[in-house]
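Following: one structure in structure tokens, then a few remarks.
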Amino acid sequence: MVMHAPGLAPILSPGQFVNVAVPGDPSHITRIPLSFAGTDPKAQTIEIVYAVVGEGTARLSRMGEGDASTVLGPCGKGWRLDDVSGPALLVAGGVGAPPVLAAARGLLARGIPFDVVLGAQTAGKLWGVGLAKSLGAGRVVVTTDDGTAGIKGFTTVAVEQMQGERDYADVLTCGPQPMMAGVARLALADGSSCQVSMERMMTCGFGACNTCNVAMAAGGYKACCTDGPVFDAREVAW
Amino acid sequence: MVMHAPGLAPILSPGQFVNVAVPGDPSHITRIPLSFAGTDPKAQTIEIVYAVVGEGTARLSRMGEGDASTVLGPCGKGWRLDDVSGPALLVAGGVGAPPVLAAARGLLARGIPFDVVLGAQTAGKLWGVGLAKSLGAGRVVVTTDDGTAGIKGFTTVAVEQMQGERDYADVLTCGPQPMMAGVARLALADGSSCQVSMERMMTCGFGACNTCNVAMAAGGYKACCTDGPVFDAREVAW
Amino acid sequence: MVSEPSMAVDLGGIKMRNPINTASGTFGYGWQFEGFFDVSCLGAITTKGCSAEPWDGNPAPRMAEVTSGIMNSVGLQNPGIRAFVEQDGEYLSGLRERGCQVICQVAGHSIDEYVRAVELYGELAPFASGLELNISCPNVSQGGAAMGATPKAAAEVMRAVRGRTNLPVVVKMAPHDVPEIARALEAEGADALSLINTIPAMAINVHTRRSRLSRPTAGLSGPAVHPIAVRMVWEAHRVVSIPICGIGGVTSGEDAAELILAGATSVSVGTANLVDPTSAPRILGELEDWVREQGATDVNELIGAVEC
Amino acid sequence: MVSEPSMAVDLGGIKMRNPINTASGTFGYGWQFEGFFDVSCLGAITTKGCSAEPWDGNPAPRMAEVTSGIMNSVGLQNPGIRAFVEQDGEYLSGLRERGCQVICQVAGHSIDEYVRAVELYGELAPFASGLELNISCPNVSQGGAAMGATPKAAAEVMRAVRGRTNLPVVVKMAPHDVPEIARALEAEGADALSLINTIPAMAINVHTRRSRLSRPTAGLSGPAVHPIAVRMVWEAHRVVSIPICGIGGVTSGEDAAELILAGATSVSVGTANLVDPTSAPRILGELEDWVREQGATDVNELIGAVEC
Ligand SMILES: Cc1cc2nc3c(=O)[nH]c(=O)nc-3n(C[C@H](O)[C@H](O)[C@H](O)COP(=O)(O)OP(=O)(O)OC[C@H]3O[C@@H](n4cnc5c(N)ncnc54)[C@H](O)[C@@H]3O)c2cc1C
Ligand SMILES: Cc1cc2nc3c(=O)[nH]c(=O)nc-3n(C[C@H](O)[C@H](O)[C@H](O)COP(=O)(O)OP(=O)(O)OC[C@H]3O[C@@H](n4cnc5c(N)ncnc54)[C@H](O)[C@@H]3O)c2cc1C
Ligand SMILES: Cc1cc2nc3c(=O)[nH]c(=O)nc-3n(C[C@H](O)[C@H](O)[C@H](O)COP(=O)(O)O)c2cc1C
Ligand SMILES: Cc1cc2nc3c(=O)[nH]c(=O)nc-3n(C[C@H](O)[C@H](O)[C@H](O)COP(=O)(O)O)c2cc1C
Ligand code: FES
Ligand code: FES
């Protein structure tokens, strides 16, 4: 989905997100937090890739060209790409792909080499393989839970293999929490830095409600929407 | 508004109504009861005339050609036209015009002579003058509260005048309750029979919930949706 | 292929072929829905509350729409049990023969009236599979509080009627103090509980500064109350061992499933019947699909099966 | 031309330039909204509940969406009053100078904790125009019942803090037993009441059979609760003479007007802030339009002005 969002597109940085009101059903009052895969500051557009998982995303999928809504953003703190020295390993599961590929764009701009792992349940749900290649990824490795494309198994299988073949200074990952926990464990064990982009149920998206809490390793919680969504993997209580 | 309702159009009789679900806002769950001005059994369509008074009718007004919904009907008991000997006086206020003109159609078919009074707040809200004439009304008299068309004042002013000029065996009326109360008083004083089509907040429209009660002169209540909407004016506790 | 799951449940002695029931006051006396679907496919229907003598109910308007719900103040208008049985007895006897249970609701203003009504049903209504004691209508009393507003008052009504009938007695509860009142009713021999009745609420026309209904307050029902109903069924289920009929804002099989997981043995469809008269059979179908999806062979496995 | 109506109200000694306040927990500590509008246009803001010591709150997930509302189980996560004042004191002092009142919410698990919190605010928070005592959070206690669940318990908390502060004390009430608890609080010297807090509710994921939140029950808020809130404000207004801050599902000026007609002196915007951060000033504008439309010269003429 491409969204025209004047003013917003130029200031979004990779890993940030937007909070989108989807019209059509006033009995659903909350917005939908969505990452973006890329922005086009000239056309003032934002490219969003999403999976239909419930009522809100289903409504989103029924929106057509020209339909308007409101969007809050930029939300959150994105990838800390200035801390990435490379080579970097980017690992995405499912709808974690858009923010991971937004990071790839940023690394490309900085001239930092990177490889990409893209995982999905099944081949039909894969997204971004071509884009990852075109953004200059050294390798693009695919995994599917059911083996319909690439390696059969979770992304962690691919990560372990690739760690054997190349030394990654940094790992950036976004996907289901159990996957990220696994990737983070492998990354930290390998001595890499690790940034994770967390997902939480969110109400406001701008730090006013405390409903998007991420448990910290040091105790207590931080807000996914303003302190994150990107955290240092060592901060998080997995 | 013209609604395509196969099966329903041929069996609706004048004074009955339909209960229409208006899509687009699931936070509004009830249907909207609407009378009809006429049906076209061949085209299987129903002609509805309505005023935008709240959220539901506003949504209805935004529906376009080809939009679909569900409708319950036929609801209620219509005019008892077989009890009308004529000449009849038909008195409509505001959106009471459609069912009154549906009655006119029925009288035309039966060859019973009738006159029509059409009242509205203001000229712009008048509806059905041409139709009433084309349905063979002897006289069509218009009243507006603000005098922008026809007689300035309520329909009762016109009714009193007309009663002086012609003997009406029957009066049929639909409109705001205070207006109908006035018309009924005049009709009964004049020795006419009087049928009134009542409006109530309705939930089901088919006799299951008891929310559409009309107080009876003899005590107790009847259901507007199944015992009515047309009642004998003498039955009703005004 | 999995075999069809068993859907039969036992609501305190009322043996239902499936868990779907209808909420009193939202299903007329049953026959109003025969034109829309075969009512006998339901596990039970609960008829509109009737009292020993006829009641007029409240003046119009009795309904106002609010966000994701409606408010009503019907006030238990009913023709009295005698007229009810005369008008609808034949239909209801037939319905019972067709395999659908008939639960007759008992209304009253005083203990005496409840007792008389229960006795009249016993005398005149052989088609009744059970009685539902409505001690929670928010729209009838003078002061605003229903007959069963406290554990003590609720227990008194139950105690008074218990000896007067051998039929299963379900008690319809108000949406407050659920654990305390549930315990009191179980102790007095209630066979089952049904909850929730509508939630007292208020809607004001801000232009005229008057209530949008003929009384200052009225009962809220519909999707808006569903999460509150689920909580209350869960609260009741934790403290009593008699079965519960879950009621409140059910418009889909998933809504019904939530109530069952929270502890309901049966589930009544209410306001949804009025908005779409084919709701109940649709919800039944969706509920069956869910039971199958859960891999259960019997819906009873799922009652109260929420993991907390 | 009519002159502008006066919108100023007095909430138990808290002099607000207009009736619009924000509901605790839905407005952060205020500055989060400065990017969206000039917060000082509001009559007051109420800050997130803080306790003497920091609290972690509940695990994730803390929010689930339900029909026309949300459920939350934040559990009063807060950094403690000391850290709160350090972080936000300067902003809030400035806000107060800009003419917007600052109501600081007091959280506690025990009477002792409430007393300590009230004293800490007195010591550290000169910017506070008043305190709001939250005795009704459904998400903190072990057993499920809040500190102020009965008239007796509510009165005890109020009595304990009354001597410890000269600031106006507003007490935030739970959505049950409103008349009894309201009377008890007035008797113990509460300067104002605010109601309602969220309504305990339950949402179950029927596929996993687990609560959709990290706790079995959580608090319902949003448009779904509005008609219940209006009723409760009306109930409270009939039995006490201290002012009331009406809260619950306010998303439009008409919603606010309903609460005022039912008896509220001020109105807090809650969940609506989270969904559309510019809700509060929009609602204020719509409310002013309504006051004008009603031909009132002072919004105070409309408080409790519903005709029943
Ligand atoms: C910072 C952030 C960025 C995101 N970026 C994307 C993206 O780029 N593309 C994309 O497809 N999705 C993304 N998501 C997830 C997306 O917000 C949810 O899928 C969406 O809100 C679901 O709404 P729904 O109404 O369709 O589903 P619902 O009916 O609300 O829920 C369906 C299921 O999804 C779960 N769910 C819903 N929302 C969330 C959430 N926020 N976190 C975790 N689980 C949830 C529910 O628990 C439920 O099991 C992101 C979430 C966050 C927090
Ligand atoms: C048998 C019957 C036939 C009708 N025929 C027509 C018709 O042919 N054309 C037409 O324009 N209207 C007709 N109406 C009225 C129409 O149903 C209402 O105007 C409509 O339901 C308003 O819905 P809403 O959501 O737009 O307004 P809401 O926002 O629900 O209400 C706006 C205002 O209208 C009042 N109102 C709403 N519904 C009713 C009702 N059923 N009875 C009385 N007052 C009501 C409300 O109290 C409120 O003041 C008929 C009503 C009945 C009962
Ligand atoms: C129009 C209407 C009439 C009702 N009449 C009764 C009644 O007579 N007796 C009763 O116990 N409950 C009555 N109720 C309450 C319902 O039985 C049910 O408890 C409540 O509406 C909640 O369920 P729902 O949200 O599915 O409607 C009535 C509800 C409505 C909407
Ligand atoms: C996310 C969230 C957090 C809340 N936190 C608090 C709180 O800390 N203290 C409190 O008294 N109420 C809290 N509430 C309740 C609100 O202040 C308000 O009473 C309730 O939400 C009803 O109003 P609404 O429907 O406008 O949201 C919270 C509500 C929400 C939605
Ligand atoms: S979503 Fe409101 S604080 Fe993060
Ligand atoms: S609207 Fe339900 S009985 Fe008339």
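Given the structure is predicted, the values throughout are model-derived calculations rather than measurements. In the text below, chain A, chain B and the rest are named by the order of the sequence lines, each starting its count at 1.
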Over all heavy atoms of both residues, which pair between [X] and [Y] is shortest? Give the atoms and the distance, please.
{"X": "B:Gly207", "Y": "C:Gln32", "result": "O-NE2, 3.2 Å"}
{"X": "B:Phe206", "Y": "C:Pro277", "result": "CZ-CB, 3.6 Å"}
{"X": "C:Ser68", "Y": "B:Pro26", "result": "OG-O, 4.3 Å"}
{"X": "C:Leu274", "Y": "B:Ala208", "result": "CD2-CB, 4.0 Å"}
{"X": "B:Met202", "Y": "C:Met63", "result": "O-CE, 3.1 Å"}

Is the [atom1] atom of [X] crowded by more than 12 outside heavy atoms at less than 6.0 Å?
{"X": "B:Arg59", "atom1": "CZ", "answer": "yes"}
{"X": "C:Glu34", "atom1": "CD", "answer": "yes"}
{"X": "C:Arg82", "atom1": "CZ", "answer": "no"}
{"X": "B:Tyr221", "atom1": "OH", "answer": "yes"}
{"X": "B:Glu55", "atom1": "CD", "answer": "yes"}
{"X": "C:Arg98", "atom1": "CZ", "answer": "yes"}

[X] versus chain B, the contacting section by heavy-atom distance below 4.5 Å:
{"X": "C:Thr271", "result": "side chain"}
{"X": "C:Tyr29", "result": "neither"}
{"X": "C:Pro223", "result": "side chain"}
{"X": "C:Thr26", "result": "backbone"}

To the nearest 0.5 Å, tell me how far [X] [atom1] sits from [Y] [atom2].
{"X": "B:Ser27", "Y": "C:Glu65", "atom1": "OG", "atom2": "CD", "result": "8.0 Å"}
{"X": "C:Arg62", "Y": "B:Asn213", "atom1": "CZ", "atom2": "CG", "result": "3.5 Å"}
{"X": "C:Thr278", "Y": "B:Leu72", "atom1": "OG1", "atom2": "CG", "result": "9.0 Å"}

Item to check | Sidechain-backbone polar pair: B:Arg31 side chain, C:Val275 backbone, donor-acceptor under 3.5 Å | outcome: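 Yes, B:Arg31 side chain to C:Val275 backbone: donor-acceptor pair under 3.5 Å.
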Item to check | Options C:Pro59, C:Gly57, C:Gly69, ranked by heavy-atom pairs under 4.5 Å with chain B, top entry | outcome: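 The candidate making the most pairs under 4.5 Å is C:Pro59.
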Next on the checklist: So B:Thr30 and C:Ile70, do their side chains get closer than 4.5 Å, heavy atoms only?
Outcome noted: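 Yes, at least one pair of side-chain atoms sits under 4.5 Å.
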Item to check | Reference residue B:Asn210; test side chain to side chain contact (heavy atoms under 4.5 Å, CB included); the match among C:Asn78, C:Leu76, C:Asn58, C:Val74 | outcome: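 Result: among C:Asn78, C:Leu76, C:Asn58, C:Val74, C:Val74 is the only option passing the side chain to side chain contact (heavy atoms under 4.5 Å, CB included) with B:Asn210.
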